[in-house]
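Worksheet: one structure, shown below.
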Amino acid sequence: MNKFGSTRRGFLKAMGQVSLGMLVNGSIVMRTLAQTKDPMMQHDYTGWENFHREQWSWDKKTRGTHLVNCTGSCPHFVYTKNGVVMREEQSKDMPKLNGVPEYNPRGCNKGECATDYIYSSHRIKYPLIRVGERGEGKWRRVSWDEALEYVANGIVDTLKNDASDCISVYTPVPAVSPVSFAAGHRFASFIGGHTHTFFDWYADHPTGQTQTQGFQGDTCETADWYNGRTILMWGANSAQTRIPDAHFLQEAVLNGSKMYVISPDFNSTATKADVFVPIKPGTDAALALGMVNVIVKEKLYEEHHLKEQTDLPFLIRTDTKMYLREADMVKGGSKEKFYTWDTKTKKPVLMKGSWGEEPEMKAKIQPPFMGRNTLTFPDGYLELGDLDPALEGTFKVKLADGEKIKVQPVFEAYKPKLNEYTPEKVSKITGVAPSVIIQMARDFAMNKPSMIIMGAGTNHWYWSDTTMRTFLLLCAMTGNEGYNGTGVNHYVGQWKPTPLPGVGKLSFPLGANKHRFCQTTIWTYYHGNVYDAMENENIDTAKYLRESLKSGQMPLFPENGRDPKVFICYRSNWLNNAKGLDYVLRNLWPKLNLTVNLNIRMDSTALYSDVVLPSAHWYEKTDLSMNEEHTFIHMTEPAIAPLWESKTDWEIFALLSKKMGEVAKKKGYTKYFDEKFNIERDLTKLYDQQIDGGKLATDEQACQFVLDNAPQTHGITLEMIRKEGPQRFKSNWSSPMKEGVPYTPFQHFIQKKKPWPTLTGREQFYIDHPTFFDLGVEFPVYKTPVNADQYPLRFSTPHNRHSVQSNWKDNILTLRLQRGGPMCEISPVDAKARGIKDNDWIEVWNDHGKTMVRCKIRNGMQAGMVSMHHEPELYMGKFGGENTQNPLPIRINPTSLVGNYAHLKFRANYYGPGGVQRDTRVEIRRYTGSVTAGLTAAATQNEKDISHV
Amino acid sequence: MSKKMITTPKRQLTFIVDLNKCIGCQTCTVACKKLWSTAPGQDFMYWRNVETTPGLGYPKNWQSKGGGYKNGMLQTDGHYPTLDEYGVPFKYDFAARLFEGKKGSVKPSPEPRWAPNWDEDQGVGEYPNNIFQYLPRMCNHCENPACLEACPNDAIYKRAEDGLNIVNLEKCKGAQECIKACPYGKVYFNETDQKANKCIGCFPRIEKGVAPACVAQCVGRAMHVGFIDDVESSVYKLANVWKVAIPMHPEFGTKPNVLYIPPFVGPAMQDENGNMMMTQKMPLDVLQGLFGPEVGGVLAVLKAERAKKIAGQGSKLMDTMIGELSDSMMISPMT
């Protein structure tokens with residue numbers, strides 16, 4: 001050790017006891033594996049400079065990535081020296097696509113310090129059982145055997161005394177670590193418990209896309225951003241929240257593309273824009289419709305595209321407002337076949353490809369074709385041929401019963417509404433100047449290809465589904481879809497596990513139809529008895545929810561009015577991110593007899609759990625990683641063995657399965673009959689099932705199983721990824737994969753002209769469902785954001801650059817690059833009006849809850865709104881027990897409860913109620929030492945109003 | 001002029017920061033920190049940092065700290081930044097709250113009053129015409145290194161092979177004159193081992209043909225690095241052919257080898273009705289304050305070249321800045 005060895009001291013400290021064993025064994029090898037080329041000259045390797053050379057050295061280099069829900073999926077190398085993980089660096093070996101800048105280096109400020117979580121002081125080292133109150137932080141260290149027995153006892157007792165659907169496993173986002181994800185789902189599948197949806201619950205699901213395109217979602221990979229000539233960043237702040245992809249935008253701008261940033265605050269991305277469009281929060285649909293208005297008035301739309309690809313030429317009855325169906329016109333006709341008006345023959349003609357039609361060979365319903373799979377229709381099926389559908393006009397038809405009625409194409413019926421959105425009127429709603437609206441519309445229609453990149457800023461609202469429909473309309477009108485550089489591209493959540501068949505087979509071994517999928521938003525709203533104040537908007541949520549549950553359109557678990565009993569959570573900080581947090585802590589959490597958490601670190605959910613099991617860090621196990629932002633699959637592998645007593649999630653659930661068998665025998669309760677699925681379940685066989693008789697005993701085997709069982713990855717091996725780096729998918733969801741070409745979705749429909757997987761077989765902008773009529777959203781229209789909370793300031797909870805949800809909110813390095821704790825950003829105007837100074841403690845509250853944080857005054861904030869970065873740990877606010885989620889209620893838009901309308905039906909993470917964050921309103925004030933009284937009392941009183949639905 | 005003979009390096013490594021591409025993500029800050037400055041006494045120092053400008057920066061008010069050269073004379077009365085101006089590195093006691101049942105919440109200690117990125121995204125001006133911009137900073141590995149000249153112990157030297165300015169930790173006696181002399185506030189004093197610490201240009205990586213961490217790991221792809229005598233390098237093209245990369249605060253007189261491409265993309269000012277005006281939000285005088293009078297001409301070149309791209313013509317300058325291949329922006333990024 002030399003005299004500058006201060007690093008070495010920190011190093012030894014960090015090594016802890018695990019590595020000391022290695023020291024004793026004398027296995028210190030200081031060997032630099034860096035490239036040995038020496039381009040300049042021979043250096044003097046004997047002098048003092050070696051001190052620094054040794055700092056950049058390692059004896060082991062492994063593949064690694066960060067298994068968090070950030071959409072990054074960034075391949076890294078991890079550098080280990082003497083058994084201590086020193087650091088990580090982007091691997092920079094993602095293959096380059098043609099004509100676009102490369103993906104490398106891919107990895108952000110969080111990724112480059114992910115090592116910290118291995119050695120942090122809140123790493124969970126041993127199995128722990130709670131001895132104090134939940135959340136108190138008092139534990140008893142126990143052996144694995146004791147911990148697993150405790151958990152297995154709780155589960156078996158619940159199976160025996162209650163029902164299997166009182167047990168749930170919450171673990172989200174398969175794309176970030178499919179094997180870990182599958183471990184718990186597989187366990188739940190075999191015991192008959194339920195798992196939870198997450199894509200919808202997080203408000204990440206693009207509901208409007210499912211409504212319009214019949215898809216769970218699909219989007220272009222981000223390299224394709226570079227191909228957009230007009231780019232609208234709409235509620236997306238890529239410079240902060242899509243850091244590894246942001247460069248494509250700056251590069252596109254240098255390449256001559258025109259970038260608009262539409263945002264209520266002047267954000268980091270906006271500093272790079274050609275035009276910053278300062279919009280009033282939540283008015284995005286009005287702006288989009290203002291653009292459509294200009295496009296219609298100036299006839300900038302692509303008529304043929306609309307006639308072929310959309311429902312705009314489909315006929316609607318003027319009397320009932322319903323689509324004109326074959327059943328109306330022909331006795332015994334289908335209710336799922338529809339007409340257009342042929343301008344040549346002047347007759348109604350059936351449109352091909354709608355729901356009532358099946359191809360000769362029916363395709364399997366499978367993700368992402370969860371409503372309808374149209375891929376076996378022949379190419380060119382949507383081609384119009386001699387048909388020339390009318391977009392405008394009113395026509396008379398004779399129904400089967402002889403009645404004569406008037407019909408109109410959807411476009412004709414929609415036009416009076418579109419005509420209302422003049423740039424002047426839209427300007428009043430949005431605050432955007434008419435000149436900007438007109439220019440943006442013209443650019444979007446003429447400076448092509450044009451794309452919209454949308455993020456949580458437009459996806460987290462009550463009416464975000466309707467807003468997204470207006471975005472899709474904008475693209476359809478201008479033909480900006482299905483080609484490189486176009487489309488509404490949605491990136492909220494790491495939601496695209498491209499090889500889903502493989503993930504599904506590992507996760508739901510009995511088949512998806514023999515697995516209980518619980519809709520998490522409904523589960524939380526119901527069991528948490530959450531008050532949504534929607535009577536202030538004249539919307540009776542309970543009425544719609546009751547109807548939806550009763551008719552089985554949406555599921556609720558446990559069934560038959562039972563309470564949930566056992567909650568096993570991992571790879572998620574569920575409690576910390578629960579909307580309606582006060583209600584959840586007060587009403588839902590106490591219903592749970594047993595809360596189990598598997599975790600790397602003591603996050604808030606772990607802290608409030610009964611049993612905490614130490615889980616392996618991302619650099620201590622093998623798993624896969626992928627996302628929607630690129631088309632490559634890659635892996636993480638152990639740089640070191642799991643530290644302390646931690647184990648991989650796959651191993652933990654295998655051991656739990658084994659213990660279940662033992663406990664079941666001890667209790668004399670080994671078998672039960674699951675009536676719902678007609679399955680005899682035998683707990684003594686659970687372990688064998690979980691590891692498939694040894695074929696899935698290890699994490700590696702499970703990884704390879706995923707790769708082997710999906711057409712998208714068939715032929716790729718772990719060894720290939722390890723040696724050659726990230727591998728490109730062989731096929732994809734809605735477009736073919738072409739070598740070297742960035743993936744962009746929906747080419748199967750737009751280029752190959754197969755029917756869309758919707759009721760009409762088209763991109764469907766008109767939804768003739770009673771709920772949509774009730775709410776006035778049968779057409780894509782602008783709906784005023786919800787103002788149910790009668791408080792003055794809009795409460796926005798965006799992500800920021802320093803964290804991934806709660807991850808890294810507890811990282812010292814990133815906290816030091818901020819202000820050390822949770823903050824709420826406010827405009828100078830709102831601060832001044834309330835006598836608040838920069839860095840003051842402030843209270844942020846409404847009827848649902850309150851949080852206390854530091855305030856940051858930011859010039860880029862619009863007056864009338866405040867922003868608090870989403871989800872700090874519950875133990876990091878002013879007093880603890882509070883974060884962004886306290887003032888957020890759960891609000892269920894009734895449109896998302898529809899499950900009886902062709903492509904709109906419940907499928908896990910495909911369609912169902914989402915989170916609604918951005919409509920919340922709050923007040924803030926400087927914290928002066930006394931806590932505002934009576935805030936929670938108000939909420940408790942209102943709570944009774946919704947009682948149980 | 002300099003009293004000391006400063007080695008004329010055989011080759012000079014040059015860094016270029018493209019402010020049109022920097023997104024302020026702090027990846028370089030973290031990459032540098034994790035690689036070089038995690039030892040005791042180094043908590044407060046960020047050899048590489050990214051700050052928001054206009055702003056007070058890191059250390060606070062560094063732009064007026066003094067040092068450098070005036071009329072060719074070394075300024076020895078520069079300000080010695082205090083720990084408060086760097087930001088006292090706060091700590092957290094997670095273990096007590098989470099494992100030992102201590103009541104309350106986990107809060108930083110001491111109470112934060114300033115930090116290296118304290119005024120992040122704040123900037124100046126009124127919404128929607130407010131402005132801010134990111135400014136990555138590191139040791140400039142100057143041609144006239146004030147730190148080197150100020151050192152009474154000859155502990156700072158310019159490497160012959162790459163022109164990087166390094167503190168020889170064996171020779172450093174902790175005189176701290178370099179800290180006062182550097183007008184950019186980029187030399188730090190490690191109280192623990194009583195040595196001056198600063199950016200070493202990742203020379204161990206350079207020796208192996210690998211780009212420095214802040215360049216190779218820049219996820220915004222905003223950094224270029226290369227030997228300025230290499231006519232194929234992007235740094236040569238940007239600095240010497242197109243002349244769009246210029247030093248920050250040239251008036252400090254140290255002749256930096258870290259250069260900046262000034263921000264020329266960005267939105268326009270808006271009138272009271274929200275109509276876009278012809279003037280850009282980022283005022284010229286702010287950029288002149290950072291990069292000197294030359295900046296206007298540089299912006300004109302950049303705008304003209306982008307106009308070609310908008311018109312569907314080619315621009316080699318824009319292509320160099322886009323850098324389709326990372327290899328074209330740096331010596332190898334691969335480790």
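Given the structure is predicted, the values throughout are model-derived calculations rather than measurements. Throughout, a chain's letter reflects where its sequence line sits, starting with A, and its residues are numbered from 1.
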Query raised in the report: Does the pair Lys96(A)/Asp327(B) count as a salt bridge with the N-to-O cut at 4.0 Å?
Result: no
Query raised in the report: If you count heavy-atom pairs under 4.5 Å between each of Asp119(B), Asn49(B), Val167(B) and chain A, which one has the most?
Result: Val167(B)
Query - Residue selection (most heavy-atom pairs with chain B, distance under 4.5 Å) from Met602(A), Lys856(A), Glu89(A), Glu112(A) - result: Glu89(A)
**Report entry** chain B contact via Leu607(A) - side chain, backbone, both or neither, heavy atoms under 4.5 Å
**Finding:** side chain
**Report entry** Contact leader toward chain A among Gly274(B), Pro108(B), Ser105(B), Ala31(B), where contacts are heavy-atom pairs under 4.5 Å
**Finding:** Ser105(B)
**Report entry** Heavy-atom pair count under 4.5 Å with chain B, highest-scoring of His802(A), Gln240(A), Lys258(A)
**Finding:** His802(A)
Query raised in the report: So what's closer than 4.5 Å to chain B heavy atoms on Asp274(A): side chain, backbone, both or neither?
Result: both
**Report entry** pair Ile166(B)-Trp48(A): side-chain heavy atoms closer than 4.5 Å
**Finding:** yes
Report summary line: If one checks every heavy atom of Leu19(B) against chain A at 4.5 Å, the contacting part turns out to be backbone
**Report entry** Salt-bridge contact Lys309(B)-Asp319(B) (side-chain N to carboxylate O under 4.0 Å)
**Finding:** yes
Requested in this report: Give a yes or no answer on whether the side chain of Asp271(B) reaches the backbone of Asn273(B) with a donor-acceptor pair at less than 3.5 Å.
Outcome: yes
Query raised in the report: Which of the residues Lys92(A), Arg858(A), Met259(A), Lys138(A) is involved in the greatest number of heavy-atom pairs with chain B at under 4.5 angstrom?
Result: Lys92(A)
Query - Best-contacting candidate, Ala115(B), Pro333(B), Ala95(B), against chain A by heavy atom pairs under 4.5 angstrom - result: Pro333(B)
Requested in this report: Using a 4.5 Å cut-off on heavy atoms from C-beta on, say whether the side chain of Tyr126(A) contacts that of Trp139(A).
Outcome: no
Requested in this report: Could you tell me which portion of Leu128(A) (side chain, backbone, both or neither) has an atom closer than 4.5 angstrom to a non-hydrogen atom of chain B?
Outcome: side chain
Query - Heavy-atom proximity to chain A below 4.5 Å, by part of Lys21(B) - result: both
Requested in this report: Side chain from CB out, backbone as N, CA, C, O: work out which of these in Ile331(B) comes under 4.5 Å of a heavy atom of chain A, or both, or neither.
Outcome: neither
Query - Asp43(B)/Arg816(A) ion pair, N-O < 4.0 Å - result: yes
**Report entry** Proximity breakdown for Thr430(A) and chain B, heavy-atom pairs closer than 4.5 Å
**Finding:** neither
Report task. Please assess Leu13(B) against Phe203(B) for the test side-chain contact (heavy atoms from CB on, under 4.5 Å), listing each intermediate value before the final yes or no. Result -> CA-CA 10 Å; Leu13(B) 200 69; Phe203(B) 74 80; over 6 Å; no
Query raised in the report: Is a salt bridge present between Arg11(B) and Asp230(B), judged by a nitrogen-to-oxygen distance below 4.0 Å?
Result: no
Query raised in the report: So, Gln280(B) and Lys303(B): side-chain donor and acceptor under 3.5 Å apart, yes or no?
Result: yes
Query raised in the report: Which region of Val829(A), side chain (C-beta onward) or backbone (N, CA, C, O), has a non-hydrogen atom less than 4.5 Å from a non-hydrogen atom of chain B, or is it both or neither?
Result: neither
Requested in this report: Tell me, yes or no, whether the heavy-atom count around Glu133(A) atom CD, taken from other residues, nucleotides or ligands under 6.0 Å, exceeds 12.
Outcome: no
**Report entry** Under 4.5 Å from a heavy atom of chain A, the part of Lys103(B) involved
**Finding:** side chain
**Report entry** Top of Gly314(B), Ala216(B), Ala268(B) for chain A proximity - count of heavy-atom pairs under 4.5 angstrom
**Finding:** Ala216(B)
Report summary line: Heaviest contributor of heavy-atom pairs below 4.5 Å to chain B, chosen from Val275(A), Leu813(A), Val253(A), is Val253(A)
Query - Lys281(B) versus Asn129(B), side-chain donor and acceptor atoms under 3.5 Å - result: no
Report task. Report yes if some heavy atom in the side chain of Pro212(B) is under 4.5 Å from a heavy atom in the side chain of Ile206(B); otherwise report no. Result -> yes
Report summary line: The interface call for Ser257(A) against chain B, heavy-atom contacts under 4.5 Å, is backbone
Requested in this report: Flag yes if more than 12 heavy atoms outside Lys316(B) fall under 6.0 Å of its NZ atom; otherwise flag no.
Outcome: no
Report task. Could you look at Val432(A) and say if it's the side chain, the backbone, both or neither that has a heavy atom under 4.5 Å from chain B? Result -> neither
Requested in this report: Could you tell me which portion of Pro872(A) (side chain, backbone, both or neither) has an atom closer than 4.5 angstrom to a non-hydrogen atom of chain B?
Outcome: neither
**Report entry** Option in Val124(B), Asp121(B), Leu317(B), Val265(B) with maximal non-hydrogen atom pairs under 4.5 Å from chain A
**Finding:** Asp121(B)
Requested in this report: Check whether any side-chain heavy atom of His122(A) lies under 4.5 Å from a side-chain heavy atom of Phe99(B), and answer yes or no.
Outcome: yes
Requested in this report: With a 4.5 angstrom heavy-atom cut-off, could you sort out which part of Gln270(B) is near chain A: side chain, backbone, both or neither?
Outcome: side chain
**Report entry** Top contributor to chain B interface from Met861(A), Glu873(A), Gln439(A) [non-hydrogen pairs under 4.5 Å]
**Finding:** Met861(A)
Query raised in the report: Non-hydrogen atoms of chain B under 4.5 Å away: do they reach the side chain of Tyr260(A), the backbone, both or neither?
Result: neither
Query raised in the report: At a heavy-atom separation under 4.5 Å, does Gln217(B) approach chain A through its side chain, its backbone, both, or neither?
Result: both
Requested in this report: Measure Arg87(A) against the heavy atoms of chain B and call it side chain, backbone, both or neither at under 4.5 Å.
Outcome: side chain
Requested in this report: Using distance alone, with no hydrogens and no angle criterion, decide if Ser326(B) and Glu102(A) have a side-chain donor and acceptor under 3.5 Å apart.
Outcome: yes
Query raised in the report: Which region of Ala270(A), side chain (C-beta onward) or backbone (N, CA, C, O), has a non-hydrogen atom less than 4.5 Å from a non-hydrogen atom of chain B, or is it both or neither?
Result: backbone
Report summary line: Applying a strict 4.5 Å limit to non-hydrogen atoms, the region of Ser315(B) in contact with chain A is neither
Query raised in the report: Between Arg819(A) and Asp838(A), does at least one N-O distance fall below 4.0 Å, as a salt bridge requires?
Result: yes
Query raised in the report: What part of Ile322(B) is in contact with chain A, defined as an atom under 4.5 angstrom from a non-hydrogen atom: side chain, backbone, both or neither?
Result: both
Query - Toward chain B, the part of Asn267(A) with a non-hydrogen atom under 4.5 Å - result: backbone
Report summary line: Under 4.5 Å to a heavy atom of chain A? For Cys28(B) that would be neither
Query raised in the report: Most heavy-atom pairs under 4.5 angstrom with chain B, which of Cys113(A), Gly880(A), Ser238(A)?
Result: Cys113(A)
Report task. Decide, yes or no, whether a salt bridge links Glu100(B) with Lys102(B) under the criterion of side-chain N to carboxylate O below 4.0 Å. Result -> no
Query raised in the report: Under 3.5 Å, is there a donor-acceptor pair linking the side chains of Ser268(A) and Tyr134(B)?
Result: yes
Query raised in the report: Do we see a donor-acceptor contact under 3.5 Å between the side chains of His52(A) and Gln55(A)?
Result: yes
Query raised in the report: Where does Arg123(A) contact chain B at under 4.5 Å (heavy atoms): side chain, backbone, both or neither?
Result: backbone
Query raised in the report: Checking heavy atoms, do the side chain of Ser91(A), its backbone, both or neither come under 4.5 Å from chain B?
Result: backbone
**Report entry** Portion of Arg205(B) that has a non-hydrogen atom of chain A nearer than 4.5 angstrom
**Finding:** both
Query raised in the report: Less than 4.5 Å apart, any side-chain heavy atom of Leu249(A) and any of Lys272(A)?
Result: no
Report summary line: Heaviest contributor of heavy-atom pairs below 4.5 Å to chain A, chosen from Gly101(B), Gly323(B), Pro267(B), is Pro267(B)
Report task. Could you tell me whether Glu111(B) and Arg854(A) have a side-chain N and a carboxylate O separated by less than 4.0 Å? Result -> yes
Requested in this report: Could you tell me which portion of Tyr58(B) (side chain, backbone, both or neither) has an atom closer than 4.5 angstrom to a non-hydrogen atom of chain A?
Outcome: neither
